[in-house]
Protein chains: 2
Amino acid sequence: MNQSSMRRNPPPPRTEPPSLAERIRLEMESFTPSEKRAAHLLLSHYPFAGLDTVAEFASRAGISAPSVLRFVTRLGFSGFPDFQKHLREELEAQLLSPLAKASPSDKGQGAPALASFAEAVIGNLRATVENIAPAEFDAVVALLSDPRRHIHFTGGRFTGALARYAESHFRIVRSHVDFIEGQPALWRDRMIEIGRKDVIVAFDIRRYQEDVTALCETAARQGATVVLLTDPWLSPIARVARHVLPAHIVAPSNWDSSAGLLLLTEALVAAVTKRLWETAKPRMETVERLRNEQS
Amino acid sequence: MNQSSMRRNPPPPRTEPPSLAERIRLEMESFTPSEKRAAHLLLSHYPFAGLDTVAEFASRAGISAPSVLRFVTRLGFSGFPDFQKHLREELEAQLLSPLAKASPSDKGQGAPALASFAEAVIGNLRATVENIAPAEFDAVVALLSDPRRHIHFTGGRFTGALARYAESHFRIVRSHVDFIEGQPALWRDRMIEIGRKDVIVAFDIRRYQEDVTALCETAARQGATVVLLTDPWLSPIARVARHVLPAHIVAPSNWDSSAGLLLLTEALVAAVTKRLWETAKPRMETVERLRNEQS
DNA sequence: CAGGTTCTGAAATTTCTGATACAGGTTTTA
DNA sequence: TAAAACCTGTATCAGAAATTTCAGAACCTG
């Protein structure tokens, strides 16, 4: 008799996922006294009150632990951990919303698509920079500025292009720079020469590519230093990497965005060029002269 | 009852919210490899990654549970629950004061290079988007979405990598896509097959490369449609290009930044993928299946 | 006011989490 | 090159947390 199969809400909340808090407010009437106390506590400190232990929650609400359990069960969760998981996910989604709000809304075409895409990418860049430890970045700069080291760039299907981009710049700034194809057959032979003096800079984002991982593991086993540019979920290469620089990659697209990786790459190029300026300058001038002579 | 009812407080942080994240970034270099992985995971999903169980956190970070425990102990917490409590409190405090968002912007001097570089790049992206004519962008999307067209990507020394990046994506979304090396010797032969049905997408920024220009001029003479992604000063290719998308490239570096070009590329990929979704989806699934079979 | 229903919490039970000891392996130091 | 220090994962344990059971309390209902 409690539910006469009514439609829930005349104006159903449109876009946003129905927050748990909202649902609790709507169902408040049907709660028992104990459940109401639990609901009030949760709503008044939403959602943090629910992130504590059952005992803590019960104590703060002035009810017993079983009552709390009955409350969350009544809300449709399989147990208290399930309930907490939902709260955390909801909170995380809400906190990341400024980025998520722009993307799904306007599916128009042309400029709006470009503009919103750009905003998402910009958000990625900011997030990327904030999550990079300055010391880590500096350490990589120092590593790539060491003239005694040999630098090898590599990457996967899509990120391979970024590795090439990095290589094409570093090649001019300093010596001992090359690009390694990801396919095992193409690098197996060269591995014999990889050792402690070598640095592997690998680009690898999700749908992590096994051959790139294999390359890095082999190189690491030989004593090479591995630097990894990846996404926040970390390629398995992180296992053997000495330095890891994660970049945010999620964009309103069926594809991931590599803009963050490019940003890091260009920042590294800029920093290393500055650091090696004394030797880089003449190299750059020479390259320029050779180019002109040729044509 | 075991509570000594005493707040443990090593360094009284009563001034500003010295975010735990910030501290981790500063101490990053003193961490062991395992600890770094834990730190990276936490920072990349701050602070939600830390609200799970130890086992979950360890698994996601790719390390063992004890390493996680050692990590939080090293940060000065008495145990994992204490660590989680701190994260919750920090999160709650931050969520209640929207003005706290200004804090992460000003880094001391750790890597102002990276932060300011990022800001410059972001400025480039905004400027790029504003200076693109929506109609021009849409026209390019339509062109690249035409299944009867054959698409060829090319670029110069540095921008060639971007052309490869574009090609590696479009190749999956649609058929008749390839990459042309910039050196004349490598494309002269193929020019015989270039005609009205072909689209050349060229990447070229200052220090404009003569061979790329030559390629485009030849192709245009044969009736091909040329799309140019360049800088605001426009590569000479613009004379024969049907569509031109300029991107801002100036950065605080001895090198130009290609981030704007990458943004346009990714936006084009996203738009074309969406437009061709009916045919692109099965293609992407097939590619995925082939990849899995192979490995 | 009895009988039935619903609600609630104390205590018992079970599950699972966080913590520790220890040993193999690696890097650093002498 | 050998020794020492350090790092890290496996196995294990202790204890806390969530869950269930069950009996009593509160509240209708006729």
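Reminder, nothing fancy here: chain letters follow the sequence lines and each chain counts from 1. Note that these values count all heavy atoms, side chains included, but never hydrogens, waters or copies made by symmetry.
Contact annotation for B:A65: no contact, since no heavy-atom pair falls under 4.0 Å across all strands.
Taking 4.0 Å as the cut-off between side-chain N and carboxylate O, A:R126 and A:E130 do not count as a salt-bridged pair. Ion pairing of B:R70 with B:E35 is absent here, as no side-chain N (NZ or NE/NH1/NH2) approaches a carboxylate O to less than 4.0 Å. In this structure, A:E89 pairs ionically with A:K85, as a charged nitrogen and a carboxylate oxygen lie closer than 4.0 Å.
Computed from coordinates, the B:I63 CD1 to D:dT10 P distance equals 12 Å when rounded to whole Å. Between the CZ atom of A:F71 and the C1' atom of D:dA18 there is a distance of 17 Å, rounded to whole Å. Distance, B:D82 CG to C:dA19 P: 9 Å, rounded to whole Å. For the pair B:F31 CZ and C:dT27 C1', the interatomic distance rounds to 20 Å; values are reported in whole Å. In this structure, the CZ atom of A:R196 is 12 Å from the C1' atom of C:dT28, given to the nearest Å. Remark: C1' of D:dA17 and CZ of A:F83 are 16 Å apart, rounded to the nearest angstrom. The separation between A:L69 atom CG and D:dA17 atom P is 14 Å, rounded to whole Å. In this entry the distance linking CZ of B:F57 with C1' of C:dC16 reads 19 Å, nearest Å.
Among the nucleotides C:dA19, D:dT19, C:dT8, the one closest to the side chain of A:P33 is C:dT8. If you check D:dG9, C:dC7, D:dT19 against the side chain of B:P66, the one that comes closest is D:dG9. Each of D:dT19, C:dC7, D:dA17 was ranked by its minimum atom distance to the side chain of A:T53; first place goes to D:dA17.
Between A:R37 and B:A55, the residue whose closest nucleotide on DNA chain C is further toward the 5' end is A:R37. Position along DNA chain C of the nearest nucleotide to A:R242 versus B:Q84 favours B:Q84 as the more 5'-ward residue.
The side chain of A:S67 contributes no N or O atom lying less than 4.0 Å from OP1 or OP2 of C:dT8. Of the side-chain N and O atoms in A:S34, one or more sit less than 4.0 angstrom from OP1 or OP2 of C:dT8. Contact annotation: A:T32 does not reach the phosphate of C:dT6 (side-chain N/O to OP1 or OP2, under 4.0 Å).
Relative orientation of the A:F153 and A:F203 rings is tilted, given thresholds of 30° and 60° on the angle between their planes.
Residues passing the ring pair (Phe, Tyr, Trp, His ring centres under 6.0 Å) test with B:F83, sequence neighbours excluded: B:F77, B:F80.
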